[in-house]
Amino acid sequence: MPGKIRKTPLMEAGRDYLALGLEGSANKFGAGIMKHPKDGAATVLSNIRHTYITPPGEGFQPRDTALHHREWALKIINDCLAKAGVSMHEIDCICFTKGPGMGAPLQSVALIARTLSLLFNKPLVGVNHCVGHIEMGREITGAQNPVVLYVSGGNTQVIAYSRQCYRIFGETLDIAVGNCLDRFARIINLSNDPSPGYNIEQEAKKGKRLVSLPYATKGMDVSLSGILSAVEAYTLDKRLHEEGAEDKDLITPQDLCFSLQETVFAMLVEITERAMAHIGSKEVLIVGGVGSNERLQQMMGIMAHERQGQVFATDERFCIDNGIMIAQAGLLSYRMGYETPLAKSTCTQRFRTDEVHVAWRN
Amino acid sequence: MSEDWHSVTLKIPFASEKHALIAKQTIEVDPELQPHAVKRIITVEENVLIAAFSTLTIRLARLVANAFLENVDLVVRTLEQFGEEAENPPSS
């Protein structure tokens, strides 16, 4: 039957569901409360986050990041409950990031989740961080079956859904695109406030010159570490100057930011387009911290329009790591009967997106 | 030879046996990162959490004791923040 919409295996809610989501796989700690009402669309009741920002030129180390989360988590969870106007007793399940991510920060959040679970006798739901991004993106934008570009400091993947699995069509062969951008920001000593990527984006707008950088797509995948080395080499180039005049042969850090973005984003657009062509999709959903970059959205939009398609993106509340996406993905699993027993509530630094059984979709 | 190993025992009293058990169950989920060099036994006696470690080196003894205490601190602060609310469920 043409145009038939298959029913989702997710049953009608039947009653109101509330989930607390806790996220801490990188340098942001987030808590969020999601409501799935018995009739109606999912509602974000609260979504609060605090970012561990290091001085310019420095990245964040696991131990310090874990200490940051341990310091901020309880206050943020409290604020989150207060803003939503719910108490822990009303929560149905406590969702936390099982992985992937940094070990010590993940474990710090898991300890809090377990303590709350035992204290209030609530089930735990371990969530895959990447699936969290995807489910929140789907929920917010309403995209039906998009090719997902998941780009952040820790991950770079092109994902498409098929038969209860988020399949990875292409990915980075070495470092994530956000990692590449962040490390370059450190090299040129940009501030990490609010995030290195944001500051690179602002500097890039002032760039005038496109310098030659390697373009490294490898079939459906990309390779980024060589490009980082190449752009770093330019910072040692004699021609580098703080303020360049257009008639002189000078390169500014702004030109390098601009060139780096244009190159890596073009690569990402290419591998996304390959996946779209492969499965015949007309929708692109961009998730992950780098997804908040407006130039990336613009470039992806140009490609999508050429294919009579469209781009879906969320704003920084949901793009950048947050607790509500964990609550969303966790609640979907929970409603399908999934729980994480205490003994299995460990965290793992490596957790592939395609390892998750997406029971809540057809 | 376990006689050459170093041992550290930590005893932490909690407000109640329930809280001590919560701490035990929360912390014991994560295995030690070097099981061949660190042996750990966590028990509860009334309201006291007891962790007994045997380690191959003094450095490891310091690291595991420190990590354990940091974890206990996090659990204690969580119990402090939410413990009272947990005892008082709203009457529905």
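As the structure is a prediction and not an experimental result, all values here were calculated from the model. Just so we're on the same page: letters track the sequence lines, and every chain starts at 1.
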* Asked: If you measure from OG1 on T78(B) to CG on L111(A), what distance do you get to the nearest 0.5 Å?
  -> 8.0 Å
* Heavy atoms only, distances under 4.5 angstrom: which of H89(A), M88(A), Q107(A) has the most pairs with chain B? Name it, please. => H89(A)
* Structure fact -> When rounded to the nearest 0.5 Å, the distance separating OG of S345(A) from CG of D30(B) is 7.0 Å
* To do: May I ask you to test the S108(A)-N71(B) pair for a side-chain heavy-atom distance under 4.5 Å?
  => no
* Structure fact -> In short, A343(A) meets V29(B) closest at the heavy-atom pair O-CG1, 3.9 Å
* Select one option (side chain, backbone, both, neither) describing which atoms of L81(A) are under 4.5 Å from chain B's heavy atoms. => side chain
* Whether over 12 other heavy atoms sit under 6.0 Å from L69(B) CG -> yes
* Asked: Where does E28(B) contact chain A at under 4.5 Å (heavy atoms): side chain, backbone, both or neither?
  -> neither
* Under a 4.5 Å cut-off applied to non-hydrogen side-chain atoms, are K75(A) and Q81(B) in contact? -> no
* To do: Check whether any side-chain N or O of R77(B) sits under 3.5 Å from a backbone N or O of R70(A) as a donor-acceptor pair, and report yes or no.
  => yes
* In Å, rounded to the nearest 0.5 Å, how long is the span from CG of L74(A) to CD of E80(B)? -> 9.0 Å
* To do: May I ask you to check whether over 12 heavy atoms, not counting those of L33(B), lie within 6.0 Å of atom CG?
  => no
* Is F82(B) close to T115(A) at the side-chain level, that is, under 4.5 Å between some pair of heavy atoms? -> no
* R59(B) atom CZ: more than 12 heavy-atom contacts under 6.0 Å -> no
* How long is the gap from CG on L118(A) to CG on L21(B), to the nearest 0.5 Å? -> 9.5 Å
* Taking C-beta and beyond as the side chain, do V75(B) and R114(A) meet within less than 4.5 Å on heavy atoms? -> no
* To do: Starting at CG of L119(A), measure out to CD of E85(B) and round the result to the nearest 0.5 Å.
  => 9.0 Å
* Asked: Can you tell me if CG on N88(B) sees more than 12 non-hydrogen neighbours from other groups inside 6.0 Å?
  -> yes
